[in-house]
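I have placed the structure first, in the form of C-alpha cells, so that the comments after it can refer back to it.
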Amino acid sequence: MAVEAGKRAALEGTVDFQAILKEAGLAALVAFGLAISIVGVRTVTIPGGLGLEYRWEWVVIAVVGVFLGRFALAYRRETRSPGRRAEREEAMDRIGAQVQRMAKVAGPLLVVLAIALPWMPFSNRYIVDIATLVVMYIMLGWGLNIVVGLAGLLDLGYVAFYAVGAYSYALIAVYFDLSFWICLPLAGLFAATFGVLLGFPVLRLRGDYLAIVTLGFGEIIRVVLLNWYEFTRGPDGISGIPRPSFFGLPFSRRVQEGEQSFHTFFGLDFSSMHRIVFLYYLILALALITNLFTMRIRKLPVGRAWEALREDEIACRSLGINPTNTKLTAFAIGAMFGGFAGSFFATRQGFISPESFTFVESAVILAIVVLGGMGSQIGVVIAAVVLIGGTELFRELEQFRMLAFGGLMVLIMVWRPRGLLAHRDPTMLLDTDSPSATAGKSSP
Amino acid sequence: MSVATAETANHDLTIPSGARALLTVEHLTMRFGGLVAVDDVSFAAGDAEITAIIGPNGAGKTTLFNCLTGFYKPTVGRLTLDRGEKQFLLERMDDFRIAQQAHVARTFQNIRLFPAMSVLENLIVAQHNALMRASGYTVFGLFGIGGYQKAEREAIDWARYWLEQVRLVERADDNAGDLPYGAQRRLEIARAMCSRPALLCLDEPAAGLNPRESAELNELLLYIKQQHKIGLLLIEHDMSVVMEISDHIVVLDYGRKISDGTPAHVRADPAVVRAYLGEEEDDEIPAEVAADLAEDQDPGADGSGEVRGG
C-alpha cells in the first residue's frame, strides 16, 4: 500500500514522506522484534553458572540502522525514474559482453600471471596455498558449470562426485599402492560412473524436483561414507594418503638408499615449498584442462545439444535429439571433473573424512557458478576469487565472514539476478561474405 | 470417391490426386481417461503434397499431431510412414526416434525455439544427429580428428540456404528470442526443414500472422513442396491458407473424421458446413442462430464453437 501511494506521489512529482516513514517504521519494528532477543541479550559465564548480559545500546543501533536504511531505500525508489532499472540492466549486459570480449585477451594473460605467481617477490607459502584453494574451486565451478550452466540441470549434490573422487583416490592409493597418475584417471572414471548412476533416476525431473533429488544424492554419499566403517573407516577418515610425486620423484627430505627425490635429482636444497608449488601447478593444469575441454565441447554438437536442452526439451525431442544420452553425458562429464578435483583434494590434504563433503561445499560451488553468471567461464573465475579468496583473506573477521559472504550474495542477486556476467556469445557466426550468401537464390 | 458423412465412421484412405501415400493413419484413437480426443480416425497423406487437417477448436487436431510425432502414445491405431525404401510404424517409436529415423519434423502451436541461442545455432542444433556422427560421437571432434570441420561447414551452408528462404540471413547471429513474432514462426519452419524431414508437420503456422506474412507463408510452403518434394501436414484455422495451398483436406469434429477430399469437395460438403462454417457460408446461417451469435459470441473466439450444431 505504501508502494502504491508512492507511485501516485511519483506521478504527481512529489514524494509522499508519510508513506515512506510508515514503511521505514514498519521495518524498524520488525528489526526491533528480532534484535531484542538476538542482539539485546547475551549469555555469559559468571561464577556459579550462566548469567545474562543486556546490551540495549546494540538494539538501538540495529533499529535506527534499519529505519534509516529502509528510509533511504524507499526514498531512492520513489524519486528514481522507472526507466532506470531497464537502462541499468542493459548497461550491465554491455559490460558483460565487453568482459567476455576482453577475456579473449585477458584470459591468456591471467594464465601467465597464475603461472608466474609462485615466483613473484611478494609470494610466500600462505599466498600459494590460498591460490591453490582458489584454483581448486575454480575447477569445481567449471565442472559444475557443464551441468548447471550448459545443460541447465540444477545439481545441489555436486559435492558427492567430489567425495567419490577423493575416496576413490584415497582407497585405491592406500589399498593397492598405485601412483597418483594412475589413480587420478581412475578416480575420474569412478566419479563419472556415479554421475551416470545419479543421472538415470533423475532423467525425467526438472528444476526444483531435480534439485531436491540431487541434494539427497549428495547426502546419501556422505552418510554411506560415514557409516560403512569397514570400508571407509567412517568418521575416522583415511589418513596416510600418498603424496603425488614429480613423475616418480617424491618430494621427501630423506631419501632411501639407491633412490632419488625431487631435490637430489635436480641438485637443489630441500625446501617444503617444492611440493606446495608443485601442487599449485598440478591443480592449475587440471583446471586449465577443464576449461579447454568446456570451451571445445561448447562448439561441438553435444555441447549445443546441452544448451538446447536447457532452452527447450520438447523442441529437442522434436529434432531427434536423444534427451537421455545427452543429459547423462552432461552428468558424467561434470562428475568426472568433480572427481579429478576430489583426488587432488585427497592428495593435497593427505587425510580425508566425510566432514569435508557436506552440503555447504555444494552450496559454495553452486554459488560460484550462479554468482559468476551461469555458463560464463570467466564469471566463475571472478566469483571464485571473490568468494574463496575473499573469505580466506578476511579470516580476521571471524564469524562475521559468513555474514559478509551472505550479504554479498544477496547484493549480487538483487543487483544482477542473472549473475555477474550472464552474457552468452554464440558458438558460431555466419560468415556473410562467403559467395553462397551473395549469390543467394531468390526467396520463394 | 465416396462422400463422407458425420454419421458413419469413414475409413477412406484414398488420396484425391492419386499420389503415393507417405503417411497412412488407420483407426487412430486417443483416450484421456473418459475423454476421447481422437476417435477412430483413418486417412492417408500423399508424398510431395500439402494435406491440411481442419476442424473447430477441440476437434483433436493437435492431439493427432502429438500422436504422429510420438509425444502421445495412441490408445489404438496404426501410423505408417512409408519412405519408399523403408517403412516405419510410428506408434511404436519414441518421440526423438521418430524425428531421428523416420524423419518426421514438426513445429509447435506456441513457438518452441531455443531463445537464448542464436538463429544460426537453432538451425545447427536441428542437424544434431548428422553432426554427432561426423564428430565421432564427440571423441574425434574433441581432438579435431576426422571430417568434423567439413561436416560443420556443410551444416552451416545448409542452414544458410534455409535462412535465405525465410529471409533471416541478416539476423543469423542474433538471439532467436529477440526476433519479432512472424520471424520466429518462419525460423521454426526453417529449423524443422534443416533436419531434412520426409514429412513436415506444421501446427497452425499462420496463427498470429498478418495478411502479408500469411501470403508469404503460403509461398514458402508451396516452395518446400515443389523444390524439396516432401509431404506437408498442416493444421490451420486460416481458411485463406488452407483453401489456397492444400491438395487434400481432412476435416475433424469432436475427434472424428467428417470429411476428406479436395478443397472444392470439402467446401461443398454439407457435413462440414454444419460443423465448421467457412467465410462463404456466412449467409447460410439460420436467422435464429445468427441472432444467438451476435449476442453470445466472444469477441476473441473464432465463433466456430457457437455455430456448432446450428
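To find a chain, count down the sequence lines: A is the first, B the second, and so on, and within it residues start at 1.
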Quick one: of [options], who has the most non-hydrogen atom pairs under 4.5 Å with chain A?
options: S118(B), P115(B), S195(B); answer: P115(B)
options: A116(B), G70(B), G177(B), C194(B); answer: A116(B)
options: H128(B), Q100(B), R191(B), Q101(B); answer: H128(B)
options: R106(B), E152(B), Q127(B); answer: E152(B)

Query raised in the report: Do E311(A) and R112(B) come close enough that some side-chain heavy atom pair is under 4.5 Å?
Result: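 Not touching, per the 4.5 Å side-chain cut-off.
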Query raised in the report: Quick one: are F71(B) and S318(A) in side-chain contact, heavy atoms under 4.5 Å?
Result: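 Yes - at least one pair of side-chain heavy atoms lies under 4.5 Å apart.
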Query raised in the report: Which one, E307(A), R310(A), K299(A), R317(A), leads in non-hydrogen pairs under 4.5 Å with chain B?
Result: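 Heavy-atom pairs under 4.5 Å are most numerous for R317(A).
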Report task. Could you check which of P301(A), G303(A), P323(A) has the highest count of heavy-atom pairs closer than 4.5 Å to chain B? Result ->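 With the most close heavy-atom pairs to chain B, the winner is P301(A).
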Should the heavy atoms of other residues, nucleotides or ligands under 6.0 Å from [atom1] of [X] be counted, would the total exceed 12?
X: F96(B); atom1: CZ; answer: yes
X: D208(A); atom1: CG; answer: no
X: K73(B); atom1: NZ; answer: yes
X: Y181(B); atom1: OH; answer: yes
X: F190(A); atom1: CZ; answer: no

Query raised in the report: Just by distance, do the side chain of N129(B) and the backbone of G320(A) share a donor-acceptor pair under 3.5 Å?
Result: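 A pair under 3.5 Å: yes.
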Query raised in the report: Can you tell me if E121(B) uses its side chain to pair, donor with acceptor, with the backbone of R304(A) under 3.5 Å?
Result: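 Side chain of E121(B) to backbone of R304(A), a donor-acceptor pair under 3.5 Å: no, none is there.
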Report task. Take C316(A) and F114(B) through the test side-chain contact (heavy atoms from CB on, under 4.5 Å) and record every step on the way to the result. Result -> CA-CA 9 Å; C316(A) 278; F114(B) 307 124; 3.9 Å; yes
Report task. Show the numbers, then the answer: is there a side-chain contact (heavy atoms from CB on, under 4.5 Å) between F108(B) and I314(A)? Result -> CA-CA 10 Å; F108(B) 296 86; I314(A) 289 180; 3.6 Å; yes
Report task. Under the side-chain contact (heavy atoms from CB on, under 4.5 Å) rule, what do R97(B) and N322(A) come out as? Steps first, then yes or no, please. Result -> CA-CA 8 Å; R97(B) 294 230 157 76; N322(A) 184 334; 4.1 Å; yes
**Report entry** Criterion side-chain contact (heavy atoms from CB on, under 4.5 Å) on I321(A) and V125(B), from CA distance to verdict
**Finding:** CA-CA 9 Å; I321(A) 294 173; V125(B) 169; 3.5 Å; yes
Query - Interchain contact, L163(B) with chain A, by part (heavy-atom threshold 4.5 Å) - result: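 Side chain only.
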Query raised in the report: Non-hydrogen atoms of chain A under 4.5 Å away: do they reach the side chain of I124(B), the backbone, both or neither?
Result: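 When you check distances to chain A, only side chain atoms of I124(B) fall under 4.5 Å.
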Query raised in the report: Shortest non-hydrogen contact from A99(B) to L319(A)?
Result: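 Distance-wise, the nearest heavy atoms are CB-C, 3.8 Å.
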